[in-house]
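A quick note: this is a predicted structure, and the numbers were derived from the prediction, not measured.
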Amino acid sequence: MATALSAPKTACSSLPNNDKKGLAQSKHAKAKKSYMDKHGATLAGQFEKALRINPLIKQIFDPFIMDSDTRDAVEPSANFVTPSTSAKTQVTTLQGDVKPAEKTNEFIHRNHLHVTAVDAYLLP
């Protein structure tokens, strides 16, 4: 899963891909801590946590978190694309790729909650 960070293309364009990835991961770690400090204890944060531990929920994408597999041991990443982010804004993914925000899953889910649930009736 690619987590977008609001870094302009010019800030990383001359760096090797490994350095871009390290820079993106460092920014991600700082922003995730800030996000958890502000959002983790809110009602919405508690709701997201309840969804993540529910065995019938497979994925959660929303303006705050991106969790492509709630059943793995990997913590969800924070969604750094805000509702005011322009579609053409260049963002750096955790993999070090630079691309337009509109090409990221984070941009698509910047303004709504998406939950993928498993239901034995629908998927026997």
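Listed by chain and residue number, Gln59, His114 satisfy the side chain to side chain donor-acceptor pair (under 3.5 Å) test with Thr116 (two or more places apart in sequence, or in another chain). Contacts of Lys58 classified as salt bridge (Lys or Arg N to Asp or Glu O under 4.0 Å), with partners at least two apart in sequence or in another chain: Asp69.
How far CG of Asn105 is from CZ of Phe61: 4.5 Å, rounded to the nearest 0.5 Å. Rounded to the nearest 0.5 Å, atoms CG (Asp67) and OG (Ser77) are 7.5 Å apart.
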For this session: Kindly indicate, with the supporting measurements, whether the criterion side-chain contact (heavy atoms from CB on, under 4.5 Å) is fulfilled by His109 and Asp62.
Result: CA-CA 5 Å; His109 296 94; Asp62 70 28; 5.9 Å; no
For this session: Carefully, step by step, assess Ile60 and Thr70 under the rule side-chain contact (heavy atoms from CB on, under 4.5 Å).
Result: CA-CA 8 Å; Ile60 303 169; Thr70 59; 4.1 Å; yes
Side-chain donor-acceptor pairs of residues 44-53 under 3.5 Å, sequence neighbours excluded:
residue, atom, partner, partner atom, Å
Gln46, NE2, Ala41, O, 3.4
Glu48, OE1, Tyr35, OH, 3.1
Glu48, OE1, His39, NE2, 3.1

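Closest of all the heavy-atom pairs between Ala117 and Ile57 is CB-CD1, 4.0 Å. Minimum interatomic distance between Ala101 and Ser86 (heavy atoms only, all atoms of both residues): CB-O, 3.7 Å.
Although no hydrogens or angles enter the test, the distance criterion places no donor-acceptor pair under 3.5 Å between the side chain of Arg110 and the main chain of Thr85.
A 4.5 Å side-chain heavy-atom check between Gln90 and Pro100 finds at least one atom pair inside the cut-off.
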